[in-house]
Amino acid sequence: MTQSLNSAEECDTTCLGSDTDLNTIKAELIDDQAAVQFADWFKAFSDPTRVKLISALLKRELCVHDLTVLLGMGQSAVSHQLRYLRNMRIVKRRKVGKIVYYSLDDNHIEQIFIQTLQHTNHS
């Protein structure tokens, strides 16, 4: 750690930068509002319960009752997490009479989830 800190301090005092055109990169950076939305979206994946819900919904559309049984949680807790995921446009719902079915909002969610899981399992 001390060596890394010393290297950083040395770079701060002796580095003149690279030949990279920083103005071009800066012009192409994600804007502040999009960066906040992006970070908020990934916060949805920071809760293990939400990750399990998404994992279950990756397999198929399920009703709230099925999700409570799968996760061993109360309906109120599952509904709360589903509402959060729905507000983030990660899941969508479909109502048939009194039964509410949940599924992933779109194919992008599935792709991102699978890629992240593959990265997590990569050694």
L117: side chain to side chain contact (heavy atoms under 4.5 Å, CB included) partners, not counting sequence neighbours: F113, N121
Exam field: side chain S79 to backbone S76, donor-acceptor pair closer than 3.5 Å: no
Minimum heavy-atom distance I99-C63, with the two atoms named: CG2-CB, 3.8 Å
Do [X] and [Y] sit in the same hydrophobic cluster, where Ile, Leu, Val, Met, Phe, Trp and Tyr count as joined when their side-chain heavy atoms come under 4.5 Å apart?
| X | Y | value |
| --- | --- | --- |
| V51 | V64 | yes |
| L62 | L71 | yes |
| M73 | V69 | no |

What is the distance from atom [atom1] of [X] to atom [atom2] of [Y], rounded to the nearest 0.5 Å?
| X | Y | atom1 | atom2 | answer |
| --- | --- | --- | --- | --- |
| K92 | I109 | NZ | CD1 | 10.5 Å |
| E110 | S103 | CD | OG | 11.0 Å |
| I90 | D106 | CD1 | CG | 10.0 Å |
| Q115 | T120 | CD | OG1 | 11.0 Å |
| L85 | H80 | CG | NE2 | 10.0 Å |
| R50 | L57 | CZ | CG | 14.0 Å |

Aromatic ring pairing F38/F42, orientation class (parallel under 30°, perpendicular over 60°, tilted between): tilted
Chi angles and distances behind the side chain to side chain contact (heavy atoms under 4.5 Å, CB included) call for Q111, N107: CA-CA 6 Å; Q111 292 172 12; N107 190 359; 3.4 Å; yes
Exceeds 12 heavy-atom contacts within 6.0 angstrom, atom CD of Q33: no
Other residues, nucleotides, ligands: >12 heavy atoms within 6.0 Å of Q75 CD: no
Geometric cation-pi criterion, R86 with Y102: 6.0 Å, 45°: no
Answer yes or no: is there a side-chain heavy-atom contact under 4.5 Å between [X] and [Y]?
| X | Y | answer |
| --- | --- | --- |
| V96 | R94 | yes |
| W41 | I112 | yes |
| V78 | T49 | no |

Residues I54, F45; criterion side chain to side chain contact (heavy atoms under 4.5 Å, CB included); working and verdict: CA-CA 9 Å; I54 294 167; F45 291 95; 3.5 Å; yes
Side chain to side chain contact (heavy atoms under 4.5 Å, CB included) between H65 and T68, worked out: CA-CA 5 Å; H65 174 69; T68 63; 4.0 Å; yes
From CA spacing to verdict: side chain to side chain contact (heavy atoms under 4.5 Å, CB included), R93, Y101: CA-CA 5 Å; R93 68 182 186 170; Y101 293 94; over 6 Å; no
Residues that R83 engages under salt bridge (Lys or Arg N to Asp or Glu O under 4.0 Å), provided they are two or more places apart: none
